[in-house]
K.L.:
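So that we are looking at the same thing, I have put the structure below in C-alpha cells.
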Amino acid sequence: MGRPPYVGYFFRTGGIKTYLDGSIQGLSACVGWPGYYKAEGAGIWNEIPEQFAAKLAVYHRSGINVHTHCNGDEAVQVFIEKVKDVLHDCVWLNHRHTVQHCALTTAAQYRKMAKLGICANLFINHVWTGLTSTTRSQSGQNARKG
C-alpha cells in the first residue's frame, strides 16, 4: 500500500484520531473483568465497535493511519481485533495504526500489537502517577514485558 495518505486531490492527512472509550477516573474506560471497584458497569463505548470497524476499514483502505483513544483493556482488545481484520482484508505492511493512552493494556496485548505492527502511545501520567499507581494497571511495566 505505499501510496501517500490522502482522501482527495485537495485534502491530505497524515492520520485521524478516533475514540473507543473514555477515562478511568470518569469510570468510562471500557474495562474487562472484574470491572470497576465499587462502581456499576464496565465503561462506556464512545463508538460502537462495529461502527468503529467500518470507519477503520475505510481509513485503512485509503492509506490513512488511525490513532484511537483506548484506556481500558477491553477497548484495546477491540482495537487489536479490528486492525487484525482490516489487515486480513487489505494488507498494509507499514501502517502506523496506534493505540492512544494504553492505560490498562496487558503484556499479552502489547505482544499482539507488536505482531500486527500496531503502535502504542502511552500517556505518561497513566504510567507513573494518579489512579493507575494503585490499580491493576502497570502499562509501562507491561510494555517492557511485551
Side-chain angles (χ1 to χ4, degrees), residues 1-33 35-36 41-133 135-146:
M1 222 187 182
R3 65 184 181 269
Y6 66 92
V7 175
Y9 184 75
F10 293 105
F11 178 71
R12 294 175 61 87
T13 181
I16 190 159
K17 184 168 182 182
T18 60
Y19 294 79
L20 270 176
D21 69 351
S23 68
I24 296 168
Q25 65 274 21
L27 304 178
S28 57
C30 293
V31 298
W33 188 90
Y36 287 103
I44 299 170
W45 291 105
N46 283 331
E47 185 165 30
I48 299 167
E50 294 75 23
Q51 184 180 4
F52 169 76
K55 276 202 305 197
L56 175 65
V58 170
Y59 296 137
H60 179 82
R61 284 191 206 104
S62 299
I64 298 172
N65 286 309
V66 177
H67 290 238
T68 302
H69 179 283
C70 299
N71 270 313
D73 55 338
E74 193 74 20
V76 171
Q77 189 61 39
V78 165
F79 184 80
I80 291 168
E81 290 169 5
K82 301 311 179 190
V83 169
K84 183 178 178 182
D85 292 346
V86 298
L87 287 171
H88 182 266
D89 294 340
C90 179
V91 176
W92 181 6
L93 297 178
N94 199 25
H95 73 86
R96 292 290 183 260
H97 300 314
T98 303
V99 176
Q100 297 284 336
H101 303 315
C102 304
L104 298 176
T105 306
T106 66
Q109 288 174 324
Y110 280 117
R111 286 190 295 274
K112 289 177 188 175
M113 289 165 58
K115 286 180 184 176
L116 294 170
I118 297 172
C119 300
N121 184 356
L122 278 67
F123 183 43
I124 200 66
N125 288 346
H126 291 169
V127 176
W128 298 109
T129 64
L131 294 172
T132 57
S133 64
T135 66
R136 65 188 171 110
S137 171
Q138 296 172 339
S139 193
Q141 291 175 6
N142 287 340
R144 285 189 292 276
K145 289 180 197 173

K.L.:
So, the side chain of Asp21 versus the backbone of Asn71: is there a donor-acceptor pair under 3.5 Å, distance only?
P.N.:
yes
K.L.:
Ignoring hydrogens, what is the shortest heavy-atom contact between Asp73 and Gly32? Give both atom names and the distance.
P.N.:
OD1-N, 2.8 Å
K.L.:
Closer than 3.5 angstrom, by distance alone: can the side chain of Tyr36 be matched with the main-chain N or O of Ala29 as a donor-acceptor pair?
P.N.:
yes
K.L.:
When you look at Val66 and His60, which way does the side-chain contact (heavy atoms from CB on, under 4.5 Å) test go after all the steps?
P.N.:
CA-CA 8 Å; Val66 177; His60 179 82; over 6 Å; no
K.L.:
Ala120 and Met113: which non-hydrogen atoms are nearest, and at how many Å?
P.N.:
CB-CE, 3.6 Å
K.L.:
Would you give the length of the straight line joining atom CD1 of Ile118 to atom OG1 of Thr68, rounded to the nearest 0.5 angstrom?
P.N.:
9.5 Å
K.L.:
Hey, is the main chain of Leu116 close enough, under 3.5 Å, to the side chain of His95 for a donor-acceptor pair?
P.N.:
yes
K.L.:
Testing the basics here: between Ile64 and Gly15, what is the closest heavy-atom pair and its distance to 0.1 Å?
P.N.:
CG2-CA, 3.9 Å
K.L.:
Give the ring-plane orientation class for Trp92 versus His97, where under 30° counts as parallel, over 60° as perpendicular and anything between as tilted.
P.N.:
perpendicular
K.L.:
In Å and rounded to the nearest 0.5 Å, what is the NE2 to NE2 distance from His101 to His69?
P.N.:
3.5 Å
K.L.:
Atom CG in Leu20, atom CD in Gln77: separation rounded to 0.5 Å?
P.N.:
12.0 Å
K.L.:
Can you confirm whether Ile48 is buried at CD1, in the sense that more than 12 heavy atoms of other residues, nucleotides or ligands lie under 6.0 Å from that atom?
P.N.:
no
K.L.:
So, using side-chain hydrogen bond (donor to acceptor under 3.5 Å, both in side chains) as the criterion, who are the partners of Gln100 when residues are at least two apart?
P.N.:
His67, Asn121
K.L.:
Quick one: SG on Cys102 to CZ on Phe79, what's the gap to the nearest 0.5 Å?
P.N.:
9.5 Å
K.L.:
Rounded to the nearest 0.5 Å, what's the gap from CG on Leu56 to OG1 on Thr18? Could you check?
P.N.:
7.5 Å
K.L.:
Locate the shortest heavy-atom distance separating Lys82 from Ala53; write the atom from each residue and the value.
P.N.:
CD-CB, 3.7 Å
K.L.:
Roughly how far apart are Glu74 CD and Trp45 CH2, rounded to 0.5 Å?
P.N.:
5.5 Å
K.L.:
What heavy-atom pair brings Val76 and Cys70 nearest, and what distance separates the two atoms?
P.N.:
CG2-CB, 3.7 Å
K.L.:
Just wondering, are more than 12 heavy atoms of other shown residues or ligands nearer than 6.0 Å to NZ in Lys84?
P.N.:
no
